Protein chains: 2
Amino acid sequence: MTERKPRKDAARNRAAVLAAADALFTDCESPEDVTMADVAAAAGVGKGTLFRAFGDRVGLVKALYEARLEPIERAVETGPPPLGPGAEPQRRVSALLDALLCFKLDNRGLALALEATGQDSPYGARHYEHWHALLRTVLEEVPGLGDEEFAAHALLAAVRADLVEHLAGRSGVPRERMRAQLADYTARVLGTAPART
Amino acid sequence: MTERKPRKDAARNRAAVLAAADALFTDCESPEDVTMADVAAAAGVGKGTLFRAFGDRVGLVKALYEARLEPIERAVETGPPPLGPGAEPQRRVSALLDALLCFKLDNRGLALALEATGQDSPYGARHYEHWHALLRTVLEEVPGLGDEEFAAHALLAAVRADLVEHLAGRSGVPRERMRAQLADYTARVLGTAPART
DNA sequence: TTGCAAAGCGGACCGTCGGTCCGTATTGTT
DNA sequence: AACAATACGGACCGACGGTCCGCTTTGCAA
């Protein structure tokens, strides 16, 4: 047992910080201008507390991100098809990417903050490996594909937070149109030809 | 004529900075740890000079990046097919992406620095629009594709600097293998089916 | 050649930000 | 009630991007 239950005030403050940070990242122009001091102040907490609870900026963002992503990961692992297991692989790939796109659309500030987290983001993050491995596995079940490894990376790159932000934010591409575009593109990669004239 | 030819010392210093920065970005672990002060020192120049010549960090990186990219853009615009105009669109798309991939492979530090340039990079950079427009145009000539707009974005995302760095650097994927993977993927998007068993 | 204004130089300086430190306050256990 | 153990929070630090301004260089023109 390396687990030690946290003290009551610690838990309370952690929750306060999480909530405050979430709010700040949600309605900010750019994640860059949410400072750690801002978060601490908004949570009514000292900076020391903030850093002790999350280590550093990256830790905070990751904690937030993972908390938000968790429902989706549950749906992916144990939910009903096509997102959950059991669907035809083509449909599932499509569903996975669509879910990811929607997530980034709904959590723009947060996703941007995570991917803007210096270093070689987002490829250093734990959850990237996770999604990549999953997508790769599902792709392997699609007949007639080689190099699922790279294809998985490339498909994930198509829903990267800053691209999504660029399209949805700067250009004003509406949500449903983006989803349709992504679905179309995915189908092309999968060889599910859209059969155009 | 708003052009005023620069003084001799100004030109010399500008060149010195460019060279020094190029060297520093080329052999650094991460672009983050090349500071402006480092560049100035390496160029044997004061920080004031550095900032006057390039405005800010982004300006410097862009100047470097564009200088390096220029030969490729010339080859694309006026060179021989398949990179230059005239080739069958499928082959040209493939050649364009391959050229971009090789460029990022050869200029990892620089490309990383540019894309790590805060804000909504790389989508704010002039040259991104340029490449996107070009790719889009060529894609339009490929029969049976819808949404060239999005497809162009998605294909460009597959050669983003940090993905390339992740694959070539962290994982040790060799250059030729990456090129093959990209070519394969591109072919799939274009509907040039590789016809596997 | 000399004079002189415009252009350029460079490093001390500034504001901000992520992150640390440590004296003080809170918890919960005996 | 007493006392560890744990957590608090804001003063503090080092680094970095960027600015400022007194001094030097340049090059034109007399």
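Numbered from 1 within each chain, the chains take letters A, B, ... in sequence-line order. Just so you know, these numbers come straight off a predicted model, no measurement behind them.
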Can you sort out the partners of [X] under side-chain contact (heavy atoms from CB on, under 4.5 Å), two or more places apart, ordered by chain and number?
| X | answer |
| --- | --- |
| B:E140 | B:R136, B:E148 |
| A:A111 | A:Y65, A:K104, A:A161 |
| B:D27 | none |
| B:Q181 | A:D147, A:F150, B:V173, B:R177, B:M178 |

Would a single hydrophobic cluster contain both [Y] and [X], if residues Ile, Leu, Val, Met, Phe, Trp and Tyr are joined by side-chain heavy-atom contacts under 4.5 Å?
| X | Y | answer |
| --- | --- | --- |
| A:L182 | A:L190 | yes |
| B:F103 | B:L163 | yes |
| B:L112 | B:V58 | no |
| B:L114 | B:V17 | yes |

Hey, what do you get for [atom1] ([X]) to [atom2] ([Y]), rounding to the nearest 0.5 Å?
| X | Y | atom1 | atom2 | result |
| --- | --- | --- | --- | --- |
| B:R160 | A:R160 | CZ | CZ | 3.5 Å |
| A:L64 | A:N107 | CG | CG | 9.5 Å |
| B:L100 | B:L69 | CG | CG | 7.0 Å |

Side-chain donor-acceptor distances from residues 40-51 of chain B under 3.5 Å, at least two apart:
none

Nearest whole Å is fine: how far is [N] [atom2] from [X] [atom1]?
| X | N | atom1 | atom2 | answer |
| --- | --- | --- | --- | --- |
| B:F54 | D:dG17 | CZ | C1' | 16 Å |
| A:D56 | C:dC17 | CG | C1' | 14 Å |
| A:E32 | C:dT16 | CD | C1' | 13 Å |
| B:R57 | D:dG18 | CZ | P | 8 Å |

inquiry  = With a cut-off of less than 4.0 Å, is there a side-chain N or O of A:N13 near OP1 or OP2 of D:dC8?
reply    = yes
Sorted by number, residues from residues 19-29 of chain B placing a heavy atom under 4.0 Å from DNA chain C are none
Output one line per pair: protein atom, nucleotide atom from nucleotides 23-26 of chain C, and distance, for all N/O pairs under 3.5 Å.
unit_1 : atom_1 : unit_2 : atom_2 : d
C:dT26 : O2     : A:R7   : NH1    : 3.1
C:dT26 : O2     : A:R7   : NH2    : 3.2

Please list, one pair per line, the donor and acceptor atoms closer than 3.5 Å that link side chains of residues 77-90 of chain B to other protein atoms, with sequence neighbours excluded.
unit_1 : atom_1 : unit_2 : atom_2 : d
B:T78  : OG1    : B:R74  : O      : 3.2

Under 3.5 Å, side-chain donor or acceptor atoms of residues 151-159 of chain A against the rest of the protein: list the pairs with distances, not counting sequence neighbours.
unit_1 : atom_1 : unit_2 : atom_2 : d
A:H153 : ND1    : A:Y128 : OH     : 2.8
A:H153 : NE2    : A:H132 : NE2    : 3.1

- Message: Keeping A:T35 on the side-chain end and A:D38 on the backbone end, is there a donor-acceptor pair under 3.5 Å?
- Response: yes
Contact check, residues 36-52 of chain B vs DNA chain D, heavy-atom distance under 4.0 Å, returns B:M36, B:K47, B:G48, B:F51
Computed from five pairs at either end and rounded to 10 degrees, the angle between the axes of the helix from C:dT1-D:dA30 to C:dT30-D:dA1 is 10°
Practice prompt. Determine whether more than 12 heavy atoms belonging to other residues, nucleotides or ligands lie under 6.0 Å from atom CD of B:E29.
Written response: no
Can you name the atoms? Protein N/O to nucleotides 1-3 of chain C N/O, anything below 3.5 Å, with the distance.
none

Winner on side-chain proximity to B:A10, out of C:dG8, D:dA7, C:dG28, is C:dG8
